[in-house]
Student: 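My structure is below; once you've seen it, I'll send some questions.
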Amino acid sequence: MISFQNVFFSYGAHDILRNVSFLIRDDDKIGLIGRNGAGKTTLFELIQGKLTPQDGIIQKQKNIKIGYLPQHLKLNDTTTLISETRKAFQEIINWHDKL
């Protein structure tokens, strides 16, 4: 479960999220769409704990696992896109290999 309660976040004078509240339950499947600059990446960084809201409360269930592939990957010239993408699923790949 992930819960946002009246979350506010801004970059300087530019408000990204204002009084955002929602609840994502364990069995929910969600998609997030919006124009560039709407705050999608900021929202995910708040969920991951990479950013801290300036106001409001974010609660996450203990032991929650969130899969996230960042918009801008840090790749080196020798890494393929598929190799980099597989890193996000390494735990599942390891389970598969053990089976």
Side-chain angles (χ1 to χ4, degrees):
M1 179 193 75
I2 299 171
S3 171
F4 272 48
Q5 299 170 17
N6 298 315
V7 171
F8 175 83
F9 188 86
S10 70
Y11 288 109
H14 185 66
D15 294 349
I16 305 295
L17 303 173
R18 263 182 277 157
N19 296 321
V20 172
S21 297
F22 61 83
L23 174 67
I24 302 172
R25 293 183 179 90
D26 293 339
D27 57 348
D28 287 345
K29 293 180 180 29
I30 63 167
L32 187 61
I33 59 171
R35 63 177 169 70
N36 288 344
K40 300 178 299 292
T41 300
T42 300
L43 181 67
F44 276 110
E45 289 180 350
L46 286 163
I47 289 171
Q48 292 177 308
K50 290 182 177 181
L51 294 176
T52 303
Q54 290 143 337
D55 198 8
I57 299 169
I58 300 174
Q59 294 178 312
K60 293 184 286 188
Q61 178 180 336
K62 282 189 173 191
N63 301 322
I64 191 169
K65 292 191 180 206
I66 299 170
Y68 172 70
L69 186 62
Q71 179 178 358
H72 302 287
L73 298 175
K74 295 178 183 175
L75 301 173
N76 62 41
D77 291 341
T78 61
T79 305
T80 65
L81 180 58
I82 191 70
S83 296
E84 196 66 29
T85 304
R86 287 175 58 91
K87 289 179 184 177
F89 301 99
Q90 194 58 53
E91 185 175 2
I92 294 169
I93 291 167
N94 292 343
W95 290 344
H96 179 268
D97 291 347
K98 285 180 183 178
L99 288 174

Student: Roughly how far, to the nearest 0.5 Å, is the CG atom of L51 from the CG atom of L17?
Tutor: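 Atom-to-atom, L17:CG and L51:CG are 9.5 Å apart.
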Student: Does F22 reach the side chain of I30, with side-chain heavy atoms less than 4.5 Å apart?
Tutor: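 The answer is no, as the side chains (C-beta and beyond) never meet within the 4.5 Å cut-off.
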Student: Under a 4.5 Å side-chain heavy-atom rule over Ile, Leu, Val, Met, Phe, Trp and Tyr, are I57 and L43 clustered together?
Tutor: no
Student: Closest approach of Q61 and M1, non-hydrogen atoms and distance?
Tutor: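 Nearest heavy atoms, Q61 then M1: OE1-N, 2.6 Å.
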Student: How many angstroms lie between atom OG1 of T52 and atom CD1 of I58, to the nearest 0.5 angstrom?
Tutor: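 One finds 8.0 Å between OG1 of T52 and CD1 of I58.
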Student: With a 4.5 Å cut-off on side-chain heavy-atom distances among I, L, V, M, F, W and Y, is there a chain of contacts connecting I93 to I82?
Tutor: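 No, I93 does not connect to I82 through the hydrophobic network.
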Student: Please give me the minimum heavy-atom distance between N6 and S21, naming the atom from each residue.
Tutor: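 Closest approach of N6 to S21: N-OG, 2.8 Å.
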Student: How far does CD of Q59 sit from CG of L23, to the nearest 0.5 angstrom?
Tutor: 9.5 Å
Student: Spell out, yes or no, whether L32 and V7 are grouped together once hydrophobic residues are joined by side-chain heavy atoms under 4.5 Å, including indirect joins.
Tutor: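 Result: yes, single cluster for both.
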Student: Could you report the tightest heavy-atom contact between I33 and K40, atom names first, then the distance?
Tutor: C-CD, 3.8 Å
Student: Roughly how far apart are W95 CH2 and I92 CD1, rounded to 0.5 Å?
Tutor: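 Those atoms lie 6.5 Å apart.
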Student: Can you tell me how far CG of D97 sits from CD of Q90, rounded to the nearest 0.5 angstrom?
Tutor: 8.0 Å
Student: Got I47 and F4 here, is their nearest side-chain heavy-atom distance under 4.5 Å?
Tutor: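 Yes. Closest side-chain heavy atoms under 4.5 Å.
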Student: Give, for atom CG of D55 and atom CZ of R18, the distance between the pair rounded to the nearest 0.5 Å.
Tutor: 13.5 Å
